[in-house]
Amino acid sequence: MTTDPPTMQAIIQDGYGAPERVLRLDQTARPSIGADDVLIRVRATSVNTPDWATVAGVPYALRLRSGLRRPSHQVRGSDVAGVVEAVGPRVTDLQPGDEVLGSLWGSTTGSQAGAFAQYTVAPASQLVKKPVGLGFEEAAASVMTGLTALIAMRDVGQVRPGTRVLINGASGGVGTMAVQIAKSLGAEVTGVCSTRNVELVRSLGADHVIDYAKQDFTQSQQRYDVILDNVLNHSPKAAARLLAPNGVLIPNSIGNTGGLLAGLPRVARATLMGRGATNVKFVTLAVNRENLNALVRLLETDKVRVVIEQTYPFDKTASAVAHVLEHHASGKVAIVV
Ligand SMILES: NC(=O)c1ccc[n+]([C@@H]2O[C@H](COP(=O)([O-])OP(=O)(O)OC[C@H]3O[C@@H](n4cnc5c(N)ncnc54)[C@H](OP(=O)(O)O)[C@@H]3O)[C@@H](O)[C@H]2O)c1
């Protein structure tokens, strides 16, 4: 006698376009796990750039990889916080009932499974135990943006006490984490954001805040050792003009807020500039236990907190993605599953 595989609810993507049009809540098969994997009962997840970009299907070049007419893997989401349901035979340090946080990012089974679902799969090497004092929503909302900010500030920017750091897009998911992580490393931080987020960015510890509605930061006379540009709404040349000798420009955006036709050529120009005299470096996201534990340690101090503008119930995931797609969420948008 054969038994039907267990099912679950997940947010299924049928095509590319507006989130409310292409995302639906439906029943599907629960993912299965490999020897090094963990099956997680998802308690919370969050929306990141790759999620809305794959829902919208932009830039079009992305479809060459994700699927021409519709995505080959139908469930989005990579950040995850939840409870271990089962582990593969080679996983020895996690067990059913453990509360974990982590990411599916870059893993084959995880990318197929997706985190916008009741159950998902991640390699054990991309999960750590969730601190008891950290809520599932904060845990899930911290992962991709927190790791990106950590790698940008600690590794790429080599931020030290006294380093002068400018963060464009200081009020977004990556920016809110980067401001706090740079401060925790001893930097003097300048954040750039809109008027309505000035107080938020200041409350995160920024020493100086530039309201982009009132001042174009590229016209400043200040000089910076590290510029993290999460928006790319200015030409990389204009931003690089503010670099101190030996300073580094970190372009960290597909330039979405300025329109893709403006953004992608800016990424290309920044890449070319980096082959010349300007020090340009990109952030490569590395999800591993060392980085996750470093992030968790920061979250356990009172130096870094996860800013969540809004939490959506699971059946409103499409609205959560649409919210982030507007590019003005203050911090993160979380989803409770
Ligand atoms: N390298 C990696 O592995 C990696 C990983 C994750 C993300 N990223 C990149 O990081 C970037 C930021 O991601 P995120 O999650 O932080 O995005 P987000 O949460 O949507 O933040 C967008 C930011 O852009 C600002 N903004 C929007 N319109 C603007 C405008 N016209 N002028 C100036 N600023 C504007 C917003 O500020 P206001 O709301 O105050 O206007 C906000 O701070 C993305 O482009 C993404 O591609 C890279």
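Everything numeric here is computed off the predicted structure, so don't read it as measured data. Scope of the values below: all heavy atoms of this structure, side chains included, with no hydrogens, waters or symmetry mates. Whatever order the structure lists them in is the order used to number ligands and atoms, beginning at 1.
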Check whether NZ of the Lys or CZ of the Arg [X] lies under 6.0 Å from the centre of the six-membered ring of [Y] and within 45 degrees of that ring's axis.
X      : Y      : result
Arg30  : Tyr119 : yes
Arg164 : Tyr224 : no
Arg70  : Tyr16  : no

What residues form a side-chain hydrogen bond (donor to acceptor under 3.5 Å, both in side chains) with Asp229, not counting sequence neighbours?
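Scan of Asp229 (side-chain hydrogen bond (donor to acceptor under 3.5 Å, both in side chains), adjacent residues dropped) gives Asn168.
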
Can you sort out which atoms of ligand 1 are near [X], meaning under 4.0 Å from one of its heavy atoms?
X      : value
Asn233 : 32 (N), 33 (C)
Ser171 : 36 (C), 37 (O), 38 (P), 39 (O), 40 (O), 42 (C), 43 (O)
Asn230 : 11 (C), 12 (C), 45 (O)

Under 3.5 Å, is there a donor-acceptor pair between the Asp79 and Thr45 side chains?
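The criterion, which ignores hydrogens and geometry beyond distance, is not satisfied for Thr45 and Asp79.
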
May I ask you to check if ligand 1 and [X] share an N or O to N or O distance below 3.5 Å?
X      : value
Ser194 : yes
Val283 : yes
Ser253 : yes
Gly173 : yes

Please compare Ala213, Gly172, Ala178, Gly169 and report which has the shortest non-hydrogen distance to atom 21 (O) of ligand 1.
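Looking at heavy atoms only, Gly172 sits closest to atom 21 (O) of ligand 1.
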
Using heavy-atom distances, let me know which of Phe282, Phe217, Tyr212 sits nearest atom 41 (O) of ligand 1.
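Checking each option, the heavy atom nearest atom 41 (O) of ligand 1 is found in Tyr212.
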
Just let me know how Thr148 lines up against ligand 1, side chain, backbone, both or neither, with a heavy-atom cut-off below 4.0 Å.
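Side chain only; the backbone of Thr148 stays clear of ligand 1.
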
Would you kindly specify which portion of Asn252 sits under 4.0 Å from ligand 1, judged on non-hydrogen atoms: side chain, backbone, both or neither?
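Both backbone and side chain of Asn252 come within 4.0 Å of ligand 1.
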
salt_bridge(Glu300, Arg297) N-O dist < 4.0 Å
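No, Glu300 and Arg297 are not salt-bridged.
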
Arg289 side-chain N/O to Ala124 backbone N/O, donor-acceptor pair under 3.5 Å:
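Yes; at least one donor-acceptor contact below 3.5 Å.
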
Report yes or no: does a heavy atom of Val231 sit under 4.0 Å from some atom of ligand 1?
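Contact present.
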
Side-chain atoms of residues 177-189: list all donor-acceptor pairs with protein atoms under 3.5 Å, sequence neighbours left out, distances to 0.1 Å.
{"from": "Gln180", "atom 1": "OE1", "to": "Arg305", "atom 2": "N", "distance (Å)": "2.8"}
{"from": "Gln180", "atom 1": "NE2", "to": "Thr176", "atom 2": "O", "distance (Å)": "2.9"}
{"from": "Gln180", "atom 1": "NE2", "to": "Arg305", "atom 2": "O", "distance (Å)": "2.9"}
{"from": "Lys183", "atom 1": "NZ", "to": "Ala187", "atom 2": "O", "distance (Å)": "3.2"}
{"from": "Lys183", "atom 1": "NZ", "to": "Asp207", "atom 2": "OD1", "distance (Å)": "3.1"}
{"from": "Lys183", "atom 1": "NZ", "to": "Asp207", "atom 2": "OD2", "distance (Å)": "3.0"}
{"from": "Ser184", "atom 1": "OG", "to": "Ile181", "atom 2": "O", "distance (Å)": "2.7"}
{"from": "Glu188", "atom 1": "OE2", "to": "His208", "atom 2": "NE2", "distance (Å)": "2.8"}

